Protein chains: 2
Amino acid sequence: MGVMVADRAGKDALFDGFAEIAKALGNGRRAELVDVLAQGERHVEDLAAEIGQSIANTSFHLRTLATVGLVATRRDGTRVYYRLASAQVAELWSVLREVAVAHHASIDELAAAYLGDRDALELVRRDELVRRIADGDVIVVDVRPHLEYAAGHIAGAVSIPIERLARQVRNLPADVDVVAYCRGPFCVFADDAVRLLRKRGRRARRLEDGFPEWRNASLPVQTAPIPERTS
Amino acid sequence: MGVMVADRAGKDALFDGFAEIAKALGNGRRAELVDVLAQGERHVEDLAAEIGQSIANTSFHLRTLATVGLVATRRDGTRVYYRLASAQVAELWSVLREVAVAHHASIDELAAAYLGDRDALELVRRDELVRRIADGDVIVVDVRPHLEYAAGHIAGAVSIPIERLARQVRNLPADVDVVAYCRGPFCVFADDAVRLLRKRGRRARRLEDGFPEWRNASLPVQTAPIPERTS
DNA sequence: CTCCTCCTCAAGGAACTACTTGAATAGTGG
DNA sequence: CCACTATTCAAGTAGTTCCTTGAGGAGGAG
């Protein structure tokens, strides 16, 4: 110890350790897994379907994430449920995406190709939505799969999974603004919802990001399941 | 567009794009480069020496970082200077380290092996240091290489690069607390400084992290070079 | 212009990564 | 205890990454 020649091997090993975390996120399929897990815990089979990979491969990717501590597991009966190790991991994922949007030239094109033209979708910022919920002049619709809604959602939101939205539009009051949200800024569900609602003549916009960002900002959430609006 | 089957290829491509950013940080040498560049811009030869790699290899790693937009360049005469693309990148690096510390089991050992026993080093938190600087009852010492100090430092800090500290201890007033800082929470300079100062009977502690975190927290910095304390 | 310095690019080999298929394991429910 | 289900492990292959060496630019000084 003390003031001496730099300990190259030790420094390299430490930074290799940091790099392992980045490497774990350095695969598109694992990134998708983290994105889904930010909504709440899921079992392997379910996750495999979500990312469109084989179960064995998905299990392998989950192990990679678990080895560096980004995810944790819990067994329930025959199933193994994976979850993010902490909200900090969701925060890391969020910052990573922001940097990608700000600096990585090709993200714009890729996002445009996947999400379609977003110019018409007018984003609602979190603070604006907080205010409008307080004023009570807006309906907040969670268009994620119902299980994700049940695991946690924006306080006061109703659950209408995107695939049921077309059938349930008529149950929404016609003269109130609708704000749709889903998993995050790069999730298509809310985009699709806004387009559909507008086609039906409703005033609809989407939240700028999704539930994980809302929760990480310490804004009010509900975790007790609320009965889904049925027709 | 609209409510239809998920566009798997498009989604995969987008998330591969995000993963590229992580992949760029997913190498220990590139992580070291980002850590150094968070202090300010540097030219290639200098960076190669800093990370202990060949110039060609360093140039290659820098190109990798530049391709995904994490770093930017500027030419001055025959030299090419690299810098982080923005403060957001330093923020990403910082969050990544925090997650590593919180969740990656082996970081503790690696950090202990590299940094030595830190228990005795009593950390000073940023907010405490802000208060004590305002009270004027502390000397803040920047122990990084002088060029990094010149590129930006905590407002009011004096520059005593670690390799000169032993010779300059006598010039520090004896009855005032000293707080040392350097590049970040995993930089050895400040640790070494505190150990040295204590051996000489001074009251010394280290700042919890380093200059990049101070600047990113929007705390007061100086960028105009201040004459170095000489003996 | 010519030389020099600093940096980047290209080729090549060792080591690693991603995904597939098929076998093994752990825990449950009867 | 047996059969079953969900998950993990193992082996194999195609593709990628890291680092080295040496050649090829770009810009400035003389």
Side-chain angles (χ1 to χ4, degrees), chain A residues 8-9 11-13 15-34 36-37 41-68 70-83 147, chain B residues 8-9 11-13 15-34 36-37 41-68 70-83 147:
Chain A
R8 173 57 50 197
K11 184 173 185 192
D12 284 3
F15 279 74
D16 283 349
F18 293 136
E20 274 178 34
I21 299 282
K23 220 178 267 180
L25 288 173
N27 172 278
R29 256 28 70 219
R30 288 197 292 271
E32 288 185 49
L33 286 171
V34 169
V36 176
L37 291 174
E41 64 173 14
R42 293 299 205 64
H43 57 83
V44 180
E45 195 173 9
D46 193 7
L47 288 166
E50 191 75 60
I51 69 167
Q53 297 288 312
S54 71
I55 291 179
N57 193 206
T58 303
S59 176
F60 164 77
H61 280 312
L62 288 166
R63 186 107 318 275
T64 305
L65 290 168
T67 302
V68 299
L70 291 179
V71 305
T73 62
R74 161 179 90 80
R75 183 178 267 279
D76 178 27
T78 73
R79 313 207 99 126
V80 174
Y81 285 84
Y82 281 80
R83 64 178 183 282
L147 272 174
Chain B
R8 173 57 50 197
K11 185 174 185 191
D12 284 2
F15 278 74
D16 284 349
F18 292 137
E20 274 179 34
I21 299 281
K23 219 178 270 181
L25 288 174
N27 172 278
R29 258 26 70 219
R30 287 197 292 272
E32 290 185 47
L33 286 172
V34 170
V36 176
L37 290 175
E41 64 172 13
R42 294 298 204 69
H43 57 83
V44 180
E45 195 173 9
D46 194 8
L47 289 166
E50 192 75 59
I51 67 168
Q53 297 288 312
S54 71
I55 290 180
N57 193 206
T58 303
S59 176
F60 164 78
H61 281 311
L62 288 167
R63 188 108 316 275
T64 305
L65 290 168
T67 302
V68 299
L70 292 179
V71 304
T73 62
R74 160 179 91 79
R75 184 179 264 279
D76 178 27
T78 74
R79 311 205 104 126
V80 175
Y81 286 84
Y82 280 79
R83 63 178 183 280
L147 271 174

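By convention in this document, chain letters (A, B, ...) are assigned in the order of the sequence lines, proteins followed by strands, and residues within each chain are numbered from 1. A quick note: this is a predicted structure, and the numbers were derived from the prediction, not measured.
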Close N/O contacts between protein and nucleotides 12-19 of chain C (under 3.5 Å):
residue, atom, partner, partner atom, Å
dA18(C), OP1, N27(A), ND2, 3.2
dA18(C), OP1, R30(A), NH2, 3.3
dA18(C), OP2, R30(A), NH1, 3.4
dC19(C), OP2, H61(A), NE2, 2.5
dC19(C), O5', N57(A), OD1, 3.3

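A straight line from CD1 of I55(B) to C1' of dG22(D) spans 14 Å, rounded to a whole angstrom. Computed from coordinates, the E45(B) CD to dT8(C) C1' distance equals 14 Å when rounded to whole Å. Atom pair E41(B):CD and dC7(C):C1' shows a separation of 16 Å (rounding to whole Å applied). Atom P of nucleotide dC6(C) and atom CG of L47(B) are separated by 14 Å, given to the nearest angstrom. We find that CG of D76(B) is positioned 18 Å from P of dA26(D), with the value rounded to whole Å. The CZ-C1' distance, from R75(B) to dA26(D), rounds to 5 Å in whole Å. Distance CG (L33(A)) to P (dT7(D)): 13 Å, rounded to an integer number of Å. Atom NE2 of H43(A) and atom P of dA26(C) are 22 Å apart (whole Å).
In this structure, of dT8(D), dT8(C), dT7(D), it is dT8(C) that holds the atom nearest to the side chain of Y82(B). Taking the side chain of T78(B) as heavy atoms from C-beta on, and the options dT7(D), dC9(C), dT5(C), the nearest nucleotide is dT5(C). Candidate nucleotides dT7(D), dC6(C), dT21(C) were compared by shortest atom distance to the side chain of R79(B), and dC6(C) ranks first.
Taking a cutoff of 4.0 Å between a charged side-chain nitrogen and a carboxylate oxygen, R79(B) and E41(B) do not qualify as a salt bridge. Comment: K23(A) does not engage E20(A) in a salt bridge, judged by the lack of any side-chain N to carboxylate O separation of less than 4.0 angstrom.
Side chains of E50(A) and E32(A) form no contact here, defined as non-hydrogen atoms less than 4.5 Å apart. Between V36(B) and D46(B) the shortest side-chain heavy-atom distance does not fall below 4.5 Å. Side-chain contact check for T64(A) versus N27(A): every heavy-atom pair is 4.5 Å or farther apart.
What you find for S54(A) and A48(A) is that their closest heavy atoms are O-CB, 4.1 Å.
Between D46(B) and A56(A), the residue whose closest nucleotide on DNA chain C is further toward the 5' end is D46(B).
In this structure, R42(B) contributes its side chain and L47(B) its backbone to no donor-acceptor pair below 3.5 Å.
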